[in-house]
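Both backbone and side-chain heavy atoms feed into the values below; hydrogens, waters and symmetry mates do not. Both counts, for ligands and for their atoms, begin at 1 and track the order of listing. For clarity, every value in this text was computed on a predicted model and none was experimentally measured.
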Amino acid sequence: MNKPLLAGVIGNPIWHSKSPRLHNYWLKFHKINGYYIPIHVEPNKLEDNISDLISLGFRGVNVTIPYKSSILSFADTITDRAAVIGAANTLYFNSDGKITADNTDGYGFKKNIYHYFPSWMPANGPAVVLGAGGAAKAIIHTLLSEGVPRIKLLNRTKSKANAIAESFGNKVEVVDWYASDEALKDAISIVNTTSLGMVGQPDLKLNLKNISSNVLITDLVYNPVDTNLLKTAKTLGYNTVDGLGMLLYQAELGFSNWFNHKPDVTEELKAIMLEEDF
Ligand code: NAP
């Protein structure tokens with residue numbers, strides 16, 4: 001039997017991660033001789049543990065909280081998008097022992113939307129992004145790459161929105177968190193990147209009554225998949241996309257690289273990811 005291919009996810013805490021369920025489903029489904037392992041890493045051991053994984057023959061790892069930004073200092077190559085976002089969620093260990101750091105969140109976001117709405121044309125009008133946390137930068141970078149002419153960025157803590165807007169230039173305009181009604185009016189893409197709507201969190205309440213009829217509303221929250229924001233939007237007849245597909249598509253690139261096989265995002269997989277404690 002050939003040597004199994006190895007990959008995993010590093011973080012702290014790590015045992016809650018759903019990535020092992022996802023990647024091990026794909027390994028089994030595609031009959032690949034490989035393992036995907038959750039690995040708890042102490043902050044003062046990050047560099048040593050990465051070297052150990054390379055020595056042990058790992059092909060790479062996903063990176064989660066709290067190492068998404070600090071991991072960049074150990075990478076030999078940083079993709080343009082990871083550099084702009086300032087964080088990586090996927091590492092590739094090259095055969096020469098060198099490390100490439102990538103951020104696949106924006107890829108997953110975009111691929112998920114085009115899967116449901118192949119004719120989505122974000123360049124045709126302004127976007128509203130709510131939230132200025134870790135995920136927001138990947139979304140803003142992707143929207144701008146897709147040709148969005150103007151982004152209105154709203155966040156409860158305005159200083160964080162200001163910092164992001166400054167890093168992206170004059171296409172990103174900060175709008176007061178409490179002035180969303182006006183901001184939403186001409187948007188054709190609306191993206192919730194806050195954690196509002198997540199289980200245990202209050203809902204994100206937006207006035208969706210006076211917005212463009214051809215708007216697409218995306219929620220990054222995937223637990224629950226059908227957030228109250230999306231439910232309201234659907235009731236009013238707007239197109240919506242939930243966060244689960246993004247979670248699955250963002251994993252596609254790492255899996256393809258480590259296990260030499262492009263995995264399928266299927267409805268069966270989505271159902272499995274929603275089982276039990278998810
Ligand atoms: P984060 O860095 O912790 O940012 C949280 C954001 O939510 C901040 O903008 C924060 O505003 C805002 N927020 C939290 N509580 C709020 C409240 N009560 N009122 C108003 N705003 C509030 O988190 P993140 O990593 O960006 O993730 C954000 C969400 O996206 C989470 O639900 C996460 O699960 C989801 N996500 C999904 C995917 C996917 O693949 N679908 C990928 C990444 C993230 P302040 O700055 O004012 O605190």
Side-chain angles (χ1 to χ4, degrees), residues 9 11-13 16-19 21-23 62-71 81-82 85-90 102-116 128-143 151-167 172 174-180 183 190-206 217-230 240-255 265 269-270 273-274 277-278:
V9 54
N12 184 347
H16 68 287
S17 171
K18 301 300 170 199
S19 295
R21 180 185 296 197
L22 167 59
H23 287 274
N62 285 124
V63 182
T64 187
I65 288 165
Y67 303 125
K68 286 185 172 191
S69 298
S70 55
I71 201 71
R81 57 192 174 194
I85 296 162
N89 64 355
T90 307
D102 192 13
N103 191 309
T104 64
D105 273 344
Y107 169 87
F109 167 75
K110 184 170 83 172
K111 191 139 186 214
N112 188 36
I113 293 182
Y114 283 122
H115 171 76
Y116 289 105
V128 166
V129 173
L130 299 124
K137 274 188 170 185
I139 301 309
I140 291 170
H141 176 252
T142 305
L143 290 173
I151 296 176
K152 292 175 193 171
L153 177 60
L154 290 76
N155 193 50
R156 178 182 61 177
T157 309
K158 204 170 185 178
S159 55
K160 285 206 225 163
N162 285 333
I164 290 187
E166 240 170 68
S167 72
V172 182
V174 175
V175 173
D176 194 88
W177 177 247
Y178 299 99
S180 60
I190 298 174
V191 188
N192 175 33
T193 80
T194 75
S195 42
L196 290 173
M198 251 176 93
V199 70
Q201 293 272 349
D203 287 326
L204 172 59
K205 294 208 172 81
L206 296 177
I217 302 180
T218 311
D219 202 332
L220 263 57
V221 171
Y222 51 81
N223 185 12
V225 175
D226 221 7
T227 58
N228 280 331
L229 172 68
L230 295 187
T240 63
V241 174
D242 66 55
L244 181 58
M246 171 177 164
L247 184 73
L248 306 183
Y249 282 116
Q250 64 77 28
E252 204 183 65
L253 294 178
F255 189 93
V265 172
L269 171 59
K270 287 183 186 169
M273 294 302 289
L274 292 172
D277 56 326
F278 197 69

Original post:
Mind checking whether W177 and K158 have side chains closer than 4.5 Å, heavy atoms only?
Top reply: no
Subject >> Beyond-backbone contact of R156 with L196, side-chain heavy atoms, under 4.5 angstrom >> reply: no
Go ahead and list the nitrogen or oxygen contacts between ligand 1 and the protein that come in under 3.5 Å, distances to 0.1 Å, or just say none.
{"residue": "ligand 1", "atom": "2 (O)", "partner": "G134", "partner atom": "N", "Å": "2.9"}
{"residue": "ligand 1", "atom": "7 (O)", "partner": "S195", "partner atom": "N", "Å": "3.1"}
{"residue": "ligand 1", "atom": "9 (O)", "partner": "A132", "partner atom": "N", "Å": "3.0"}
{"residue": "ligand 1", "atom": "9 (O)", "partner": "N155", "partner atom": "OD1", "Å": "2.7"}
{"residue": "ligand 1", "atom": "11 (O)", "partner": "N155", "partner atom": "OD1", "Å": "3.3"}
{"residue": "ligand 1", "atom": "18 (N)", "partner": "R156", "partner atom": "NH1", "Å": "3.3"}
{"residue": "ligand 1", "atom": "26 (O)", "partner": "G134", "partner atom": "N", "Å": "3.0"}
{"residue": "ligand 1", "atom": "26 (O)", "partner": "A135", "partner atom": "N", "Å": "2.8"}
{"residue": "ligand 1", "atom": "40 (O)", "partner": "L247", "partner atom": "N", "Å": "3.3"}
{"residue": "ligand 1", "atom": "41 (N)", "partner": "L220", "partner atom": "O", "Å": "3.0"}
{"residue": "ligand 1", "atom": "41 (N)", "partner": "G243", "partner atom": "O", "Å": "2.8"}
{"residue": "ligand 1", "atom": "46 (O)", "partner": "N155", "partner atom": "ND2", "Å": "2.8"}
{"residue": "ligand 1", "atom": "46 (O)", "partner": "K160", "partner atom": "NZ", "Å": "2.8"}
{"residue": "ligand 1", "atom": "47 (O)", "partner": "R156", "partner atom": "NE", "Å": "3.0"}
{"residue": "ligand 1", "atom": "47 (O)", "partner": "T157", "partner atom": "N", "Å": "3.0"}
{"residue": "ligand 1", "atom": "47 (O)", "partner": "T157", "partner atom": "OG1", "Å": "2.5"}
{"residue": "ligand 1", "atom": "48 (O)", "partner": "R156", "partner atom": "NH2", "Å": "2.9"}

**OP:** Consider only side-chain N and O atoms of T227 and D219, and report whether a donor and an acceptor are under 3.5 Å apart.
**Re:** yes
Original post:
Where does the angle between the aromatic ring planes of H115 and Y249 fall among parallel (under 30°), tilted (30 to 60°) and perpendicular (over 60°)?
Top reply: tilted
Original post:
Would you say the side chain of Y107 lies within less than 4.5 Å of the side chain of D102, judging by non-hydrogen atoms?
Top reply: no
**OP:** Taking the side chain as every heavy atom from C-beta outward, state whether S180 and V175 have any pair of such atoms under 4.5 Å apart.
**Re:** no
